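Chain letters run A, B, ... following the sequence lines, proteins first, then strands; residues in each count from 1. The basis for the numbers below is simple: all heavy atoms, side chains too, and nothing from hydrogens, waters or symmetry mates. Because the structure is predicted, anything quoted here is derived from the model rather than measured.
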Amino acid sequence: MPDLAIETESLRKHFDRTVAVADLSLAIRRGEVFGFLGPNGAGKTTSIKLLLGLIEPSGGSGTVLGAPLGTREARARIGFLPEHFRFHECLTGRELLRIHGRLFGLRGAALEARIDVLLARVALTEAADRRLQTYSKGMIQRAGIAQALVNSPELVFLDEPTSGLDPLGRVLVRSIIEELRAAGTTVFLNSHLLGEVEATCDRVAFVKMGRVIDELSLGDVSQGLDVELRLGSAEGAVLEGLGAFGELGGRDPVAPNGGDEDEEPIGGPRFVVRLKLASESALPELAPWLVTRGIALYELRVRRKSLEESFIEIMGEDQTPG
Amino acid sequence: MGRILTIAHLTFIEAYRRKIVPAALLCSVLFLLVYGTALYFINRSIPPNPQRQFQLQFFTLAGLYVANFLAIASAVLLPVDTLSGEIDSGVMQTLASKPIRRAEIVLGKWLTYWLMTGCYLAIIAGGVVVVAWLTTGFVQPHLGLALPLMLLGATFMLTISIAGSARLKTVTNGIVAFGFYGIAFIGGWIEQIGAIARNEASRYVGTALSLVSPSDALWRRAAYELQPPVMRSLVSTPFGAGRVPSNAMIWWALVLAALALLFAIRVLKRRAL
């Protein structure tokens, strides 16, 4: 069994002269919860459609669950919740799942049992025999999530799964993703809600103008940390020594007594030194290093960058709301 | 085959719950009531002479002509948005992401609409014949020969509508599909007028148009089969066969319908969803 659930190499898609996906190169491990982030129009949904075989690529190649893109063999093991899920509103919730189950070749008691489990999981048991036209937007979205799971997939694509859901619905989706992770299911999550992605994903890719421009492991402790030190001294030798721990971000004098720059600080001058540590493992050594050299350490503040900050930083200043 | 039947089942549930089936049945009943009432009074005014049978045959054919038209209109309208609507709404994305061939989606839908069209034609054409028999005592012969031809004409239009739905927006598809029927209708009349006027050029133009859209030619062949030999030669009636479409035209209609179905499959297969 291949280790990668999704592997693509320079996948491209253009519609006439419009480039929707310029270069999609991904390697997503099995069992990973992978976030796919980018501004509106970045090509996220088109990328999902390419991976599902809903559209033909203009170039490049890829495999999903070890099979070429779009093959029935792969689709039999995939679940998909499209953005703005809709289905025939004349069906009941139970019929919706039955139809989709049958398309996966499921039949009989096993299918009915699976339907009952899924309806309960998305809190639609009471409404199971009502038609979709009587459902709220959130209920339709939850029914959509259930249909994406009817075949107990190995890989699930969720395109904006919390669209239209209230906070309780969002918590439900998050817990479903956690269950999928625990069961070893690979989840490909496309969402604009970065807090949600941060809470659920192992790794994210940032896509801009149809190109993956960066990737980030969210749960990885080896990720860099921003450290802010307030020191009594920040001379050249001190800065040089701190430089061995990580990348120096700057050194500014501070006025500890109310910010009045004309007044001599009580207890002498102090400095703020910003440092970007390459790894969290360097952090415990930092304070002893300063203290043993007799440098007064007034404050050591560690700050992890939020996903939103990373997003803005990676996307660049030129982005405008889509 | 299982997935084709699942799509066929889904299509039927949708048609039934959108009240398409009851609406079609209600319209059929209304039509038959109006037709029966008219025929009842006409029958009372026809004297019992040797021409009586021909006159009753004429009015029964008129009823069957309307039944044929209604079946063709249903065949066009039933599936006019079946693929285009689902593509626009995103429903098709959910379906096509399952382990199903797009050809199976087309075939499942085609099968349901074909069965519905066939049932509708059987009900409405059968209704005309039964109403004619009940009100006048006239028994329409050769219905078994004519009904399959009428069904083939409706099948052709149904398949054109599904093929258009794979490629065009709903309204555009409706216009194009009825345009096809318009071509058939005009072609049929040009051919008939050409035959009456002995104008070869008109006959060729009419035949060429019938080759593009053969549904009217199939009706004319059905009408020919329904009439006794003596009436067939009367070109002055709307159902007179100035020129009878040949067996080759029937085969050609079958080939065209098959090609239209293949076109629908091919277009949907290649279409970005």
Kindly check if the number of other-residue, nucleotide or ligand heavy atoms within 6.0 Å of CZ (B:Arg266) is above 12? no
So, A:Arg98 and A:Glu112, do they make that salt bridge, N to O below 4.0 Å? yes
Exercise: do B:Ser74 and B:Thr117 side chains pair donor with acceptor under 3.5 Å: no
Which one, B:Lys98, B:Gln93, B:Arg102, B:Glu14, leads in non-hydrogen pairs under 4.5 Å with chain A? B:Lys98
A:Phe157 portion near chain B, given a 4.5 angstrom heavy-atom threshold: neither
Look at the side chain of A:Lys44 and the backbone N and O of A:Gly38, then say whether any donor-acceptor pair between them is shorter than 3.5 Å. yes
Counting heavy-atom pairs under 4.5 Å with chain B, which one of A:Thr71, A:Leu91, A:Thr46 comes out on top? A:Leu91
Between chain B and each of A:Arg86, A:Glu83, A:Glu89, count heavy-atom pairs under 4.5 Å; write down the option with the most. A:Arg86
Please classify the contact of A:Leu81 with chain B as side chain, backbone, both or neither, using a heavy-atom distance under 4.5 Å. neither
Contact part of B:Arg271 toward chain A, heavy-atom cut-off under 4.5 Å: side chain, backbone, both or neither? backbone
Report which part of A:Leu103 has an atom under 4.5 Å of a heavy atom belonging to chain B: side chain, backbone, both, or neither. both
Residue pair A:Glu196 / A:Thr162, side-chain donor-acceptor N/O under 3.5 Å: yes
Atom CD of residue position A:Gln133 - does it have more than 12 heavy atoms of other residues, nucleotides or ligands inside 6.0 Å? yes
Looking at B:Arg101, B:Arg270, B:Arg18, B:His9, which makes the most heavy-atom pairs under 4.5 Å with chain A? B:Arg101
Is the CZ atom of B:Arg167 crowded by more than 12 outside heavy atoms at less than 6.0 Å? no
As an exercise: rank A:Arg107, A:Arg102, A:His100 by heavy-atom pairs under 4.5 Å with chain B and give me the winner. A:His100
Is chain B contacted by the side chain of A:Glu95, its backbone, both, or neither, given a heavy-atom distance below 4.5 Å? side chain
